[in-house]
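First the structure, in the form of structure tokens, and then the observations on it.
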Amino acid sequence: MNKILVTGALGQIGSELVVKLREIYGADHVVATDLRSSAHEITRSGPFELLDVTNDKAMFEIAKRYEVDTVIHLAALLSATAEEKPLLAWNLNMGGLMNALEISRELGCQFFTPSSIGSFGPSTPKDNTPQDTIQRPNTMYGVNKVSGELLCDYYFHKYGLDTRGLRFPGLISYMTPPGGGTTDYAVEIYYAAVTTGRYTSYIAKDSNMDMMYMPDALNAIIELMEADSSRLIHRNSFNVTAMSVDPEAIAAAIRDEFPGFILDYDVDPKRQAIADSWPHSIDATAAKTEWGFHARYDLKAMTKDMLSQLSERQM
Ligand code: NAD
């Protein structure tokens, strides 16, 4: 990676990834783009361009003008929103990905895009879900993610494009709120802990899902992109995870720091149905053996850091 184009850069992942990439590769070497603008520091600390990823000509023009050699494609509609707006999800998630892949092929770029635990479905083995297994999701987001994994494999085999990807679990962070996923509760619960001291979960007790803290997700992207290509058997997309938790486990970890924290439930059937179709815990062995994936934060360490960062921001 030398000159990097990031799409969807103002989202939960991009807003932190761009900062980190600019620290490592230099501010001028990371071109942040998004459909919208904002006052976020990444719009000022290096190149920033407005870009709708469904506009292939605009994407090509920006990629060519900045002479990028790497595309990190993040713009997407997330699981809960995609289920509300399936047609928009298909057009954005598949159309944007196809444009980003085509431009990478024409310009010979290395390519990254995230998949998700949403690429699995009700018939996937739920515990210790293998890297290679049944993927028959019953959500539009899941259909998009499986199709995306296949498309990235196709571009690698057909054109030799250096495509790489991760199946992210729910990502937890304190900088930018999540953008409409099923695991958003696991971020909201920490905000609630430092503001009101209580949280009403839309996800049911005992619904275990994989999660990871944002610093581990950012490291995983960079480590995978820097990995020796010849070691990669899977490419698209590696299972990665740091913990498998339900709302009670997070609440218990919060109570270690904030003993009076109260958790109750008002389950949202729509988002619960999505959660019920996903694995309880996934197996990240392939990522560990092929490129050395290693999560540094477990639930306890993540909770301590989340609460301290959010408390500081409250002051
Ligand atoms: P997000 O919703 O926080 O951000 C998405 C960004 O894309 C937003 O800034 C939005 O303005 C932008 N966008 C929307 N439509 C666009 C368009 N037409 N053109 C350009 N930009 C557009 O999402 P995120 O959480 O940062 O996720 C990034 C990627 O990671 C997605 O592919 C998502 O599926 C995947 N992922 C995220 C998680 C998670 O927990 N955050 C988990 C698994 C996978």
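Whatever order the structure lists them in is the order used to number ligands and atoms, beginning at 1.
Atoms of ligand 1 lying under 4.0 Å from at least one heavy atom of P114, given by number and element, are 29 (C), 30 (O), 35 (C). Residue-ligand proximity, I13 to ligand 1, at heavy-atom distances under 4.0 Å covers atoms 26 (O), 27 (O), 28 (C), 30 (O), 37 (C). Taking every heavy atom of P169 and a limit of under 4.0 angstrom, the matching atoms of ligand 1 come to 40 (O), 42 (C), 43 (C). For ligand 1, the atoms closer than 4.0 angstrom to any heavy atom of D52 are 17 (C), 18 (N), 19 (N). Each of the following atoms of ligand 1 lies closer than 4.0 Å to a heavy atom of S115: 43 (C), 44 (C). Proximity to L51 (heavy-atom distance under 4.0 Å) selects the following atoms of ligand 1: 19 (N), 20 (C). For ligand 1, the atoms sitting less than 4.0 Å from at least one non-hydrogen atom of A76 are 31 (C), 32 (O), numbered in the order shown with element in parentheses.
Q272 and S207 share a side-chain donor-acceptor pair at under 3.5 Å. Counting only N and O atoms by type, the side chains of D153 and N236 include a donor and acceptor under 3.5 Å apart. For E149 and S115, the side-chain atoms include at least one donor-acceptor pair closer than 3.5 Å. For the residue pair T176 and S15, a side-chain donor N or O sits within less than 3.5 Å of a side-chain acceptor on the partner. Under the 3.5 Å distance criterion, with hydrogens and angles disregarded, a donor-acceptor pair is assigned to the side chains of E102 and Y155. Residues N93 and K145 have side chains that never bring a donor and an acceptor to within less than 3.5 angstrom of each other. Q12 and S173 form a side-chain donor-acceptor contact under 3.5 Å, judged by distance and modelled atom types alone. A donor atom on one side chain and an acceptor atom on the other are not found under 3.5 Å apart for Q131 and H234.
Chaining together hydrophobic side chains whose heavy atoms lie under 4.5 Å apart leaves I233 on its own.
Between D256 and K304 there is no salt bridge, since none of the side-chain N atoms of the basic residue sits less than 4.0 Å from a carboxylate O of the acidic one.
With F112 as the aromatic partner, R164 does not meet the cation-pi criteria of under 6.0 angstrom to the ring centre and within 45 degrees of the ring axis. Judged by a 6.0 Å distance limit and a 45° cone about the ring axis, R235 is positioned over the six-membered ring of F156.
Of all protein heavy atoms, the one closest to atom 40 (O) of ligand 1 is L171 N, 3.0 Å. At the top of the distance list for atom 4 (O) of ligand 1, counting protein heavy atoms only, stands G11 CA, 3.2 Å. Atom 7 (O) of ligand 1 has G8 CA, 3.5 Å as its closest protein atom, hydrogens excluded (heavy atom only). The single protein non-hydrogen atom nearest to atom 19 (N) of ligand 1 is V53 N, 2.9 Å, given as residue, atom name and distance. Protein heavy atom nearest atom 34 (O) of ligand 1, with residue, atom name and distance: Y141 OH, 2.5 Å. Remark: minimum distance from atom 15 (N) of ligand 1 to any protein heavy atom is reached at L92 CD2, 3.5 Å. At the shortest separation from atom 23 (O) of ligand 1 among protein heavy atoms lies L78 CD1, 3.5 Å. Residue, atom and distance of the protein heavy atom nearest to atom 29 (C) of ligand 1 are L74 O, 3.3 Å.
At least one heavy atom of K145 sits under 4.0 Å from some atom of ligand 1. Assignment of T7 to the shell around ligand 1 is not supported, since no heavy atom sits closer than 4.0 Å.
Scanning for side chain to side chain contact (heavy atoms under 4.5 Å, CB included) contacts around A252 gives an empty result, with sequence neighbours left out.
Of the heavy atoms in T176, none comes closer than 4.0 Å to ligand 1.
Checking only distances, F168 never comes within under 3.5 Å of ligand 1, N or O to N or O. The shortest N/O to N/O separation between R36 and ligand 1 falls below 3.5 Å.
For atom 10 (C) of ligand 1, the choice among D34, D184, I72, L35 with the nearest heavy atom turns out to be D34. Distances from atom 3 (O) of ligand 1 to the heavy atoms of Q12, M211, E16, M59 show the closest one on Q12.
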